[in-house]
2 protein chains.
Amino acid sequence: MRKISESTVRRLCGYLRLLEEFQRAGKTTVSSDELALRGHTTPAQVRKDLSFFGSFGKRGLGYDVCDLTERLRDIMGLDKNYRVALIGAGKIGSALVQYRGFSDRGFDIVSVYDNDETKVGTSWGDVAVRHVSALESDLAVAPIQIAIIATPASEAQATLDRLVQLGIKAVLNFAPTQLDHPADVTVQNVNMAVELETLSYALRSCG
Amino acid sequence: MRKISESTVRRLCGYLRLLEEFQRAGKTTVSSDELALRGHTTPAQVRKDLSFFGSFGKRGLGYDVCDLTERLRDIMGLDKNYRVALIGAGKIGSALVQYRGFSDRGFDIVSVYDNDETKVGTSWGDVAVRHVSALESDLAVAPIQIAIIATPASEAQATLDRLVQLGIKAVLNFAPTQLDHPADVTVQNVNMAVELETLSYALRSCG
DNA sequence: TACTGTGAAGAACTTCACAGCA
DNA sequence: TGCTGTGAAGTTCTTCACAGTA
């Protein structure tokens with residue numbers, strides 16, 4: 001299949017969220033205009049995004065809400081559950097483990113790792129914190145598909161290298177640093193300092 | 001000045017981070033090649049990004065690390081401190097308040113608001129949680145420049161509307177929903193579900 | 001010589017506009 | 001008629017390639 005841009009994929013996530021909302025509201029049909037308005041984009045963009053994957057609508061009518069939801073979930077690979085490991089039992093890690101939004105969408109944080117002996121053995125919800133040295137042996141027994149790096153920046157690259165070695169292909173990185181990785185590994189960065197600095201840039205003219 | 005794209009602004013943040021690293025390492029001069037390599041971009045991109053704002057380098061030599069750092073901080077508006085209010089004293093909020101990366105870069109979380117009476121009055125570090133109804137009167141006395149929305153999705157839009165009413169022009173939104181806002185207000189979204197779903201999409205071919 | 005700064009070329013993304021179908 | 005699906009046009013972003021200079 002043709003390469004889909006990241007912006008398209010992100011918009012698809014948005015459509016999915018809106019569709020679920022429409023579904024809860026009992027709406028059965030939706031037009032590209034409605035999706036565009038609520039999703040901060042244009043009707044043409046919505047139709048183009050969807051058209052990369054097929055023709056899901058009915059001309060003159062719009063899209064069936066349930067059908068399109070189903071198809072989008074399928075396209076995004078959200079029909080399955082993912083086992084997620086969290087590396088770094090700090091403040092961000094703690095917030096992530098407790099966040100309902102993950103498990104609700106099929107992302108289960110099944111293990112937490114840290115190198116701080118005082119944290120190892122403590123329980124976070126129903127997940128025990130394990131020493132990061134157990135990573136290799138644990139994953140050999142119970143594989144995961146996604147890893148979240150929430151370590152200090154100084155340890156992030158070494159952590160990623162180990163994850164790559166273990167065959168992990170998808171990583172969410174909260175450490176505020178650019179990580180090197182093979183092309184077949186996807187690394188998504190969440191960097192809150194960058195977001196705030198972008199706001200700072202936007203404010204520079206406001207005094 | 002010509003409109004600068006968001007991708008350029010985000011790359012500038014990256015260059016700044018690298019420059020600070022180079023500075024700590026005692027490097028005095030840096031080339032676009034070096035910045036590109038470490039910042040996952042191309043030398044031409046680095047030069048183009050910088051050229052929007054002026055000619056900071058010396059041909060044949062490269063850029064002076066200190067000078068370029070200074071200029072980038074200036075361009076990004078990072079020469080001043082920002083007063084930040086956090087609305088929503090939940091898990092994410094708690095992680096954010098404790099996160100050193102913010103205050104280190106001049107973003108000071110000076111107040112926390114929630115509508116849960118059991119949280120109001122408790123202390124988070126050196127910041128007391130206040131009832132969200134005090135928002136208007138508090139900001140009249142001690143203005144802020146940036147607000148962080150960390151409320152449930154259901155309350156995010158109403159919260160943003162109040163912030164806009166109060167004249168806030170920059171908002172960081174952690175609620176997993178698209179918010180409507182006037183064009184002169186900048187809203188940056190951090191949506192961890194979208195990041196994970198992007199990873200899910202990337203994994204769809206891996207089985 | 002080594003590297004910047006930049007117009008021009010190229011690629012990617014978005015919007016337009018309309019044919020085609022329910 | 002109303003709304004989708006899509007080639008074509010338009011716009012924005014990235015890369016190229018080279019003139020210019022310390």
Side-chain angles (χ1 to χ4, degrees), chain A residues 1-15 18-19 22 27-72 75 178 183 194 198 201, chain B residues 1-15 18-19 22 27-72 75 178 183 198 201-202:
Chain A
M1 182 190 296
R2 180 176 149 196
K3 170 81 163 47
I4 304 299
S5 77
E6 175 158 343
S7 10
T8 295
V9 174
R10 292 180 160 264
R11 279 191 300 267
L12 293 179
C13 296
Y15 304 153
L18 288 178
L19 284 166
F22 286 138
K27 227 166 160 353
T28 57
T29 284
V30 72
S31 69
S32 58
D33 280 64
E34 293 171 291
L35 283 171
L37 191 68
R38 291 287 320 276
H40 291 160
T41 178
T42 63
Q45 183 77 80
V46 173
R47 296 200 298 274
K48 183 69 90 179
D49 285 343
L50 296 176
S51 78
F52 291 133
F53 302 96
S55 303
F56 306 142
K58 289 191 178 30
R59 294 172 199 235
L61 277 170
Y63 303 90
D64 181 88
V65 172
C66 289
D67 179 54
L68 188 56
T69 306
E70 180 89 2
R71 281 162 180 281
L72 280 182
I75 289 163
Q178 278 287 348
V194 171
T198 305
Y201 178 79
Chain B
M1 181 190 298
R2 179 174 150 198
K3 171 79 163 47
I4 303 299
S5 77
E6 174 159 344
S7 10
T8 294
V9 174
R10 291 179 161 266
R11 280 192 298 268
L12 293 180
C13 295
Y15 304 152
L18 288 178
L19 284 165
F22 286 138
K27 229 166 159 354
T28 58
T29 284
V30 72
S31 69
S32 57
D33 279 65
E34 292 171 292
L35 282 171
L37 191 69
R38 290 290 317 277
H40 291 159
T41 178
T42 63
Q45 183 77 79
V46 173
R47 296 200 297 275
K48 182 69 88 181
D49 286 343
L50 296 176
S51 78
F52 291 133
F53 302 96
S55 304
F56 306 141
K58 289 189 177 33
R59 293 173 197 234
L61 277 170
Y63 302 90
D64 180 89
V65 172
C66 290
D67 179 54
L68 188 57
T69 307
E70 180 89 2
R71 281 161 180 282
L72 280 182
I75 289 164
Q178 278 286 347
T198 305
Y201 178 79

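Proteins get letters first, then strands, A, B, ... in listed order; numbering begins at 1 in each.
- Among the heavy atoms of the strands lying under 4.0 Å from S32(B) are primed sugar atoms or P, OP1, OP2 only; no base atom is included.
- Using modelled atom types, no side-chain atom of T8(B) and backbone atom of I4(B) make a donor-acceptor pair closer than 3.5 Å.
- Spacing between atom CZ of R10(B) and atom P of dT14(D) amounts to 13 Å, rounded to whole angstrom units.
- Rounded to a whole Å, the CG atom of L68(B) is 11 Å from the P atom of dT4(C).
- One atom, CD of Q45(A), and another, P of dC3(D), lie 20 Å apart when rounded to the nearest Å.
- Residues F56(B) and D67(B) share a closest heavy-atom pair of O-OD2, 4.0 Å.
- The side-chain heavy atoms of L35(A) and V46(A), taken from C-beta on, include a pair separated by under 4.5 Å.
- The shortest heavy-atom contact between R38(A) and Q178(B) is O-CB, 4.2 Å.
- Distance CZ (R11(B)) to P (dT15(D)): 8 Å, rounded to an integer number of Å.
- In this structure a side-chain-to-backbone donor-acceptor pair under 3.5 Å is present from E34(B) to S31(B).
- Among R47(B), R71(B), K58(B), the single residue meeting the side chain to side chain contact (heavy atoms under 4.5 Å, CB included) criterion with Y63(B) is R47(B).
- Considering only the side chain of R47(A), dT6(D) comes nearest among dT6(D), dT15(D), dC13(C).
- Shown for residues 57-67 of chain B: residues whose heavy atoms fall under 4.0 angstrom of DNA chain C, namely G57(B), K58(B), R59(B), G60(B), L61(B), G62(B), Y63(B).
- Residue order along DNA chain C, read from the 5' end via each residue's closest nucleotide, puts F56(B) first among S5(A) and F56(B).
- Note: CG (L50(A)) to C1' (dC3(D)) measures 13 Å, nearest angstrom.
- One can place CD1 of I4(B) at 13 Å from P of dT12(D), the figure rounded to the nearest angstrom.
- Counting to the nearest Å, the C1' atom of dC3(D) and the CG atom of L35(A) are 13 Å from each other.
- Residue whose closest nucleotide on DNA chain D sits further toward the 5' end, between K48(A) and T42(B): K48(A).
- Among all heavy-atom pairs drawn from L50(B) and L72(B), the shortest one is CD2-CD2, 4.0 Å.
- Set against dA17(D), dG5(D), dG7(D), the side chain of S51(A) has dG5(D) as its closest nucleotide.
- Atom CZ in R71(B) sits roughly 10 Å away from atom P in dG5(C) (whole-Å rounding).
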